[in-house]
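Heads up: the structure comes next, in structure tokens.
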Amino acid sequence: MKRVVVTGIGVISPIGSGKAQFWEALLEGKSGIRPVASFDTSAFPVHIGAEVLDFQAERYLRRLAPASMGRASQLATAAARLALDDSGLDLAHADRRAVGTSIGTTSGEPQFVELYNDLRKAGNVEQAPAEIFPRYSCSSISVHVATEFDLRGPCLTIPTACAAGNHAIGQGFDLIRTGRVEAVLAGGADSFSRIPYMGFARLGAIAPQRCQPFDRNRKGMVPGEGAGMILLESLDRAVARGARIYAEVLGYGLSCDSHHMTASHPEGDGAIRAMQAALKDSGVGIEDIDYISAHGTGTPTNDRVESTAMCRLFGERARHVPMSSIKSMVGHTMGAASAIEAAACTLALDTGWIPPTINHEESDPDFDLDYVPNQSRQTRPQVVLNNAYAFGGNNASVCFRRYEGGVV
Amino acid sequence: MPNQITPDMVLAEMKTLIATVTEREPEEVTENALLTDDLGVDSLMAMEVMVTVDKKFKIDIPEEDFATIKTVKDAVAMVMRHLPEERIHASV
Amino acid sequence: MAGRVVVTGAGVISPIAAGYEEFEQALYRGESGSKPSDRFQGATVAEVSGFEAQRWLGNKGIRVLDRGARMLCVAAQMALANQGLAEDGGPEVGMVCGTMFGSVHSIVSFDWSGLTEGPSYVNPMEFPNTVINSASGQAAIRYHLRGMNSSICSGFASSLYALHYAAECLRFGRARVLLAGGAEELCDESLQGFLRTGMMSPSGCARPFGADRDGTVPGEGSAMWVVESEESAAGRGAAPWLEICGFGARQEAQGLQHYSPRAEAAGDAIHMALAASSIAPEQVACVVASAGGSREGDAMEAAALRSVFGSRMDTLPVFAPKAALGEALGASGAFAAMAAGLALRRGSLPPTAGCGPVEYGMRVSPEPQPVEGEFALVNAFGCDGNCAALVLRLWKN
């Protein structure tokens with residue numbers, strides 16, 4: 001089995017784009033949550049979101065035209081550009097059949113649904129351009145990324161909602177581990193859309209002003225958009241080309257609550273099993289984990305279930321393992337979330353700093369856990385878990401370890 | 001929905017609606033039945049009931065109020081409470 | 001990594017039949033599912049006509065399931081029946097499902113209701129259906145599938161990828177038993193997609209590799225296998241009939257609607273699958289093609305097959321299921337794999353429905369063809385550049 005490492009990071013997010021800007025913003029506790037700009041929220045009871053402002057796709061695309069794809073594809077391709085540039089991988093001299101693409105998403109390209117319905121409402125549905133139909137399929141996101149960079153290896157989109165980024169990274173990891181490919185651009189992307197916004201607003205799940213994961217008075221999540229892409233490579237190839245190695249991917253675990261489409265299993269059973277499966281796949285134990293990037297949406301239910309799962313699995317050790325949610329800053333970027341969080345995990349391992357959970361005023365009194373309130377901290381984590389939980393009770397955990405060089 | 005609404009009309013609507021949402025026969029939905037414990041109405045179903053009721057009766061029940069409803073009878077009373085006076089039947 | 005991955009159960013809901021045995025019979029009778037649509041006036045499609053999920057699922061708990069989820073649940077239920085897994089799948093039974101458009105109809109409907117009635121009147125029960133993988137989440141709840149749950153979108157190759165990923169996860173010990181395959185719903189929106197992009201056959205007849213082929217016929221349905229490790233099957237006394245061997249996948253990287261005449265990705269995918277199975281082209285006993293009647297697509301596949309098999313293509317029997325089943329997009333790979341499994345077991349390839357004169361010397365036939373050998377090649381090639389191939393082997397202890 002080949003070892004798999006992260007050699008490039010690309011992020012387009014509501015708090016900044018590019019690895020440096022993103023990481024700096026995270027450590028400073030900057031929030032990307034603001035009044036929604038891209039559509040009129042006056043008919044909604046809530047008005048905040050985490051959008052990527054001033055995104056100019058043409059800055060990142062060279063082969064394909066931005067107008068030839070939806071926004072999620074643009075975000076994904078932009079983040080992929082950043083990750084590839086960051087990695088220094090010379091694609092011109094690489095065997096591009098050995099480079100795959102694996103991207104997660106929740107909504108695919110909802111703007112084409114919106115366009116279709118807007119035209120329908122105006123009585124002009126026959127004016128819907130023919131191209132929107134193939135562009136709508138979420139397969140198109142990974143195809144666009146592969147086409148922009150001429151990547152000829154396996155190419156897939158994994159639409160597993162809010163856990164999609166982790167699923168995509170996991171599948172990329174498997175492809176390299178088995179030697180089927182040498183590198184995979186893996187991550188997730190979603191664009192801001194009225195469709196999930198309406199749904200979450202109707203469920204009463206959106207916070208009125210800010211995102212306060214694990215806080216006693218947390219009121220909900222904040223929908224967002226963005227893309228996170230990491231370049232995964234086999235260790236021997238990365239070393240051979242003198243690549244900068246941020247972290248190693250040790251393994252991942254998946255489970256399903258099989259309980260309810262929008263509510264997690266109350267005792268966190270599914271979350272626990274995903275973490276256990278990740279630990280087993282990674283060959284590490286709970287005693288090795290020293291930081292957790294939480295799913296931490298900020299809803300009363302998720303955070304309670306997640307904290308419960310943490311306590312049940314880690315037992316006595318639980319309160320010694322810092323667990324923070326960057327959704328407090330970045331919002332819930334859906335299919336991009338766990339990919340952006342994976343980027344944060346690799347940077348945490350690389351730099352020794354862990355990002356905070358901001359807006360933390362009073363911890364949930366039912367739990368005695370370290371949520372890294374408000375201030376980033378230099379803890380020098382060695383092994384981290386990235387957790388994600390999605391509609392349909394879909395749970396995914398990915399385990400990363402600091403790469404020290406040499407043979408472990 | 002006629003313009004002059006009585007509690008009986010609301011009860012009939014409520015029974016049909018809850019029966020549909022919980023996939024039961026309307027006869028099983030009795031006035032004193034507990035929505036959650038007896039009829040298996042979960043959070044998502046409850047919300048569907050609320051949205052449908054709001055649409056049907058052209059009212060707007062705030063979520064905090066809706067959360068206090070325990071039985072079918074409570075639901076009927078809540079609707080009556082939120083109907084504007086002019087739409088309530090004179091006999092009520 | 002664990003040993004071999006085997007198939008021990010199957011369920012299918014298709015335009016030609018509901019149920020695995022019925023599917024087999026209809027396939028070998030050369031029946032076609034193309035006919036005037038029940039639901040879309042004036043369109044000739046291969047739809048699951050008169051589909052009433054209640055027949056299998058009962059009346060409870062199906063109200064919120066959309067058509068795609070209903071089809072997936074029916075196929076899953078059929079596959080699970082007689083497995084001793086139906087009551088409580090448990091934490092080690094999961095699902096991997098391929099789909100291309102997922103719940104697009106539900107997404108469009110949900111947005112439409114918000115647009116026309118206002119955001120406060122959207123039905124919250126419909127919101128969960130707006131995630132593309134909602135069908136597999138619903139199936140997991142219904143059948144207590146607490147193992148991994150993944151959905152894969154890679155165009156026409158989606159469910160072939162899903163079968164491969166399921167096999168890989170079993171090899172890695174991520175699950176003990178998996179339901180794997182695909183599900184695709186034909187809806188107003190996807191039908192319009194076929195029409196507006198010029199994919200659709202104006203004659204309403206899909207003629208894979210046909211000299212006068214003029215496009216595809218939109219299809220739908222769901223095909224699911226129960227897959228597990230050899231060890232797991234033996235442990236619970238289940239009888240496998242097929243093994244999932246090697247897989248290959250390549251991307252042409254030319255855009256969303258481009259079948260490459262050079263057929264590089266398609267040819268490479270086949271080579272990868274053969275190499276991953278440790279077999280030579282000579283060992284392939286039959287091919288189940290992806291061809292669905294597209295002029296460029298079928299030409300590309302023929303070129304790919306020729307580049308791998310050379311003159312052997314003159315005698316290698318080929319079956320094109322899309323003649324009977326239409327273009328089921330994300331589910332097509334699973335249908336094709338299921339047909340390949342039947343072919344290996346029976347030692348006979350099904351007839352290609354309505355088969356007339358074909359091009360490229362492809363051995364497609366309106367009659368069943370003998371299959372002499374234990375390996376079948378299944379292709380799934382899309383106009384979005386995603387090309388996948390899977391090798392299946394007749395199971396022998």
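Quick note on labels: first sequence line is chain A, next is B, and so on, each numbered from 1. Please read all numbers here as calculations on a predicted model, not as lab measurements.
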Which heavy atom in [X] sits nearest to a heavy atom in [Y], and how many Å separate them?
{"X": "A/Ser107", "Y": "C/Ile132", "value": "C-CD1, 3.8 Å"}
{"X": "C/Ala253", "Y": "A/Thr147", "value": "O-CG2, 3.5 Å"}
{"X": "C/Cys153", "Y": "A/Cys138", "value": "SG-SG, 3.1 Å"}
{"X": "C/Asp384", "Y": "A/Ser139", "value": "OD2-CB, 4.0 Å"}
{"X": "C/Arg250", "Y": "A/Arg152", "value": "CD-O, 3.2 Å"}

Find the one option among [options] whose heavy-atom pairs under 4.5 Å with chain A are most numerous.
{"options": "C/Ser151, C/Gly137, C/Gly102, C/Ser120", "result": "C/Ser151"}
{"options": "C/Ile107, C/Thr99, C/Thr130", "result": "C/Ile107"}
{"options": "C/Gly193, C/Gly198, C/Pro119", "result": "C/Pro119"}
{"options": "C/Val131, C/Asn123, C/Leu195", "result": "C/Val131"}

With a 4.5 angstrom heavy-atom cut-off, could you sort out which part of [X] is near chain C: side chain, backbone, both or neither?
{"X": "A/Pro129", "result": "backbone"}
{"X": "A/Ala43", "result": "both"}
{"X": "A/Ala161", "result": "both"}
{"X": "A/Glu126", "result": "backbone"}

So, [X] side chain and [Y] main chain: donor-acceptor pair closer than 3.5 Å or not?
{"X": "A/Ser137", "Y": "C/Phe101", "value": "no"}
{"X": "C/Arg196", "Y": "A/Glu131", "value": "no"}
{"X": "C/Ser154", "Y": "A/Leu156", "value": "no"}

Say you draw a straight line from [atom1] of [X] to [atom2] of [Y]; how long is it, rounded to the nearest 0.5 Å?
{"X": "A/Ser140", "Y": "C/Met100", "atom1": "OG", "atom2": "CE", "result": "8.5 Å"}
{"X": "C/Phe172", "Y": "A/Tyr252", "atom1": "CZ", "atom2": "OH", "result": "7.5 Å"}
{"X": "A/Arg273", "Y": "C/Met148", "atom1": "CZ", "atom2": "CE", "result": "12.5 Å"}

Where on [X] is there a heavy atom nearer than 4.5 Å to chain A: the side chain, the backbone, both, or neither?
{"X": "C/Ala276", "value": "side chain"}
{"X": "C/Gln257", "value": "side chain"}
{"X": "C/Val64", "value": "neither"}
{"X": "C/Asn149", "value": "both"}
{"X": "C/His164", "value": "side chain"}
{"X": "C/Ser134", "value": "both"}
{"X": "C/Tyr161", "value": "side chain"}

(request) Could you check whether the rings of C/Phe127 and A/Phe391 sit parallel, tilted or perpendicular, using 30° and 60° as the cut-offs? (result)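 Geometry flag for A/Phe391 against C/Phe127: perpendicular rings.
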
(request) Please determine if C/Arg171 and A/Asp174 form a salt bridge, counting it only when a charged side-chain N lies under 4.0 Å from a carboxylate O. (result)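 Not counted as a salt bridge, because no side-chain N and carboxylate O are separated by less than 4.0 Å.
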
(request) Determine, for A/Arg194 against C/Asp111, whether the closest basic-nitrogen to carboxylate-oxygen distance falls under 4.0 angstrom. (result)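 Here A/Arg194 pairs with C/Asp111 in a salt bridge, since their nearest N and O are under 4.0 Å apart.
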
Highest number of heavy-atom pairs under 4.5 Å with chain C: which of [options]?
{"options": "A/His167, A/Lys121, A/Glu114", "value": "A/Lys121"}
{"options": "A/Gly108, A/Pro196, A/Gly393", "value": "A/Pro196"}
{"options": "A/Phe149, A/Phe133, A/Phe44", "value": "A/Phe133"}
{"options": "A/Thr157, A/Asn117, A/Leu254", "value": "A/Asn117"}
{"options": "A/Cys162, A/Ala128, A/Ala168, A/Ala163", "value": "A/Ala128"}
{"options": "A/Ile158, A/Ile195, A/Asp269", "value": "A/Ile195"}

Hey, are the side chains of [X] and [Y] touching, using non-hydrogen atoms and a 4.5 Å cut-off?
{"X": "C/Leu115", "Y": "A/Asp118", "result": "yes"}
{"X": "A/Pro134", "Y": "C/Thr197", "result": "yes"}
{"X": "C/Gln251", "Y": "A/Thr101", "result": "no"}
{"X": "A/His259", "Y": "C/Ile141", "result": "no"}
{"X": "A/Arg120", "Y": "C/Val108", "result": "yes"}
{"X": "A/Tyr136", "Y": "C/Glu189", "result": "no"}
{"X": "A/His144", "Y": "C/Leu256", "result": "yes"}
{"X": "A/Asp257", "Y": "C/Arg146", "result": "no"}

(request) Can you check whether anything in residues 262-270 of chain C gets within less than 4.5 Å of chain A, heavy-atom wise, and list it by number? (result)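 Result: C/Glu264, C/Asp268.
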
(request) Establish, yes or no, whether the cationic atom of A/Arg202 lies under 6.0 Å from the six-membered ring centre of C/Tyr121 and within 45° of the ring axis. (result)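 Cation-pi check for A/Arg202 and C/Tyr121: fails.
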
(message) If the test is side chain to side chain contact (heavy atoms under 4.5 Å, CB included), which one of A/Gln171, A/Arg177, A/Arg180 qualifies with C/Glu168?
(response)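 When A/Gln171, A/Arg177, A/Arg180 are each tested with C/Glu168, the side chain to side chain contact (heavy atoms under 4.5 Å, CB included) holds only for A/Arg180.
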
(message) Just to verify, what does A/Ser258 make a side-chain hydrogen bond (donor to acceptor under 3.5 Å, both in side chains) with, not counting sequence neighbours?
(response)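 A/Ser258 satisfies side-chain hydrogen bond (donor to acceptor under 3.5 Å, both in side chains) with no other residue.
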
